[in-house]
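Numbers here are sequence positions counted from 1.
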Amino acid sequence: MKEGKFLTDTCRLSRRFRECEVVDLDKIGLVEKHADLLLICGNVVIVIEETNTMKRDDLDQVISTIDDVMAKKERYGVKSDPDKFVGIVHFMRRVDGIVKKAILPRSVKVWVERAECCDALIRKISQFLQNV
């Protein structure tokens with residue numbers, strides 16, 4: 001995260017989604033740019049980038065992290081072959097207008113969303129977990 005450091009798991013996802021493993025991607029020794037958090041929920045992997053203002057770079061980081069997790073799942077602690085990968089950019093203030101148009105599903109297996117607050121983030125995660 002670029003614009004001021006959030007606490008890891010700001011929205012207390014580890015308490016809300018006890019069936020999921022929350023991984024702080026800054027703590028696993030990644031050298032390349034990456035998103036902030038990974039939620040491993042059985043057959044769903046959710047990649048979360050936290051930022052104040054959502055920009056195209058945030059979206060690119062989520063997508064590149066998803067691609068890396070798909071290619072090297074063991075590196076991230078993903079033990080199974082997930083059915084779905086979800087990317088979420090969790091922003092606190094605003095979203096750059098150009099980015100709004102860029103948030104589209106890439107395929108059936110990968111979906112990228114945005115969440116403007118903790119309640120929206122939790123709601124989106126819950127929806128994805130219920131629809132699998």
Side-chain angles (χ1 to χ4, degrees):
M1 189 179 56
K2 287 32 106 205
E3 304 172 19
K5 190 68 176 158
F6 288 112
L7 297 172
T8 301
D9 198 3
T10 306
C11 299
R12 299 181 182 167
L13 301 176
S14 57
R15 273 199 244 165
R16 178 69 172 95
F17 300 101
R18 293 176 195 251
E19 71 279 12
C20 301
E21 180 184 351
V22 178
V23 179
D24 180 347
L25 295 178
D26 286 334
K27 293 184 178 178
I28 65 170
L30 300 176
V31 178
E32 64 277 356
K33 286 190 170 197
H34 57 276
D36 295 309
L37 294 173
L38 188 70
L39 240 59
I40 304 169
C41 306
N43 60 347
V44 178
V45 173
I46 302 170
V47 175
I48 301 170
E49 171 67 12
E50 293 192 11
T51 187
N52 283 325
T53 301
M54 182 178 168
K55 298 180 181 148
R56 178 65 194 211
D57 287 347
D58 299 315
L59 183 59
D60 292 342
Q61 272 187 224
V62 167
I63 292 169
S64 67
T65 302
I66 289 172
D67 289 341
D68 201 43
V69 172
M70 290 173 106
K72 306 170 196 160
K73 63 183 182 172
E74 298 83 18
R75 176 184 192 192
Y76 295 89
V78 178
K79 296 171 183 82
S80 64
D81 287 322
D83 294 332
K84 189 170 225 167
F85 289 84
V86 178
I88 301 175
V89 179
H90 176 217
F91 62 95
M92 299 298 188
R93 293 195 183 127
R94 64 181 191 89
V95 63
D96 185 42
I98 294 171
V99 176
K100 285 182 186 179
K101 296 176 184 171
I103 300 178
L104 299 171
R106 290 185 45 202
S107 71
V108 174
K109 230 180 171 183
V110 177
W111 190 271
V112 179
E113 286 278 341
R114 62 188 178 123
E116 53 283 332
C117 63
C118 284
D119 289 340
L121 179 63
I122 289 167
R123 191 170 45 255
K124 287 188 188 261
I125 292 169
S126 295
Q127 288 170 349
F128 280 113
L129 294 178
Q130 287 173 359
N131 292 329
V132 174

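Looking at E19 and L129, their side chains come closer than 4.5 Å, going by heavy atoms from C-beta outward. Side-chain contact between I48 and L13: present, with at least one pair of heavy atoms (C-beta onward) separated by less than 4.5 Å. Using a 4.5 Å heavy-atom cutoff, the side chains of M70 and P82 are not in contact. In this structure, the side chains of D68 and Y76 come closer than 4.5 Å at one or more pairs of heavy atoms. At least one side-chain heavy atom of D36 sits less than 4.5 Å from a side-chain heavy atom of D26.
Across S126 and R16, no two heavy atoms sit closer than the pair OG-NH2, 4.0 Å. Shown here for V78 and I40, the closest heavy-atom pair between the two residues is CG2-CD1, 3.9 Å. Nearest approach of A120 to A115, heavy atoms of both residues: C-CB, 4.0 Å. A35 approaches V47 most closely through the heavy-atom pair CB-CG1, 3.3 Å. Nearest heavy atoms, E49 versus H34: OE1-O, 3.7 Å.
To the nearest 0.5 angstrom, D24 atom CG is 11.0 Å from S14 atom OG. Separating the CG atom in L121 from the CZ atom in R12 is a distance of 14.0 Å, to the nearest 0.5 Å. We find the SG-CD distance between C41 and E21 to be 9.5 Å, quoted to the nearest 0.5 Å. How far SG of C11 is from CD1 of I125: 8.0 Å, rounded to the nearest 0.5 Å. Interatomic distance, CD of E50 versus CG of D58, reported as 11.0 Å (0.5 Å rounding). Atom CG in L39 sits 5.0 Å away from atom CD1 in I46 (nearest 0.5 Å).
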| message | The test is salt bridge (Lys or Arg N to Asp or Glu O under 4.0 Å); show your working for E32 and R75 and say whether it passes. | response | CA-CA 13 Å; E32 64 277 356; R75 176 184 192 192; 3.0 Å; yes
| query | Do S80 and K73 pass the side-chain contact (heavy atoms from CB on, under 4.5 Å) test, and can you show the C-alpha distance, the side-chain angles, and the key distance before you say yes or no? | reply | CA-CA 8 Å; S80 64; K73 63 183 182 172; 6.0 Å; no
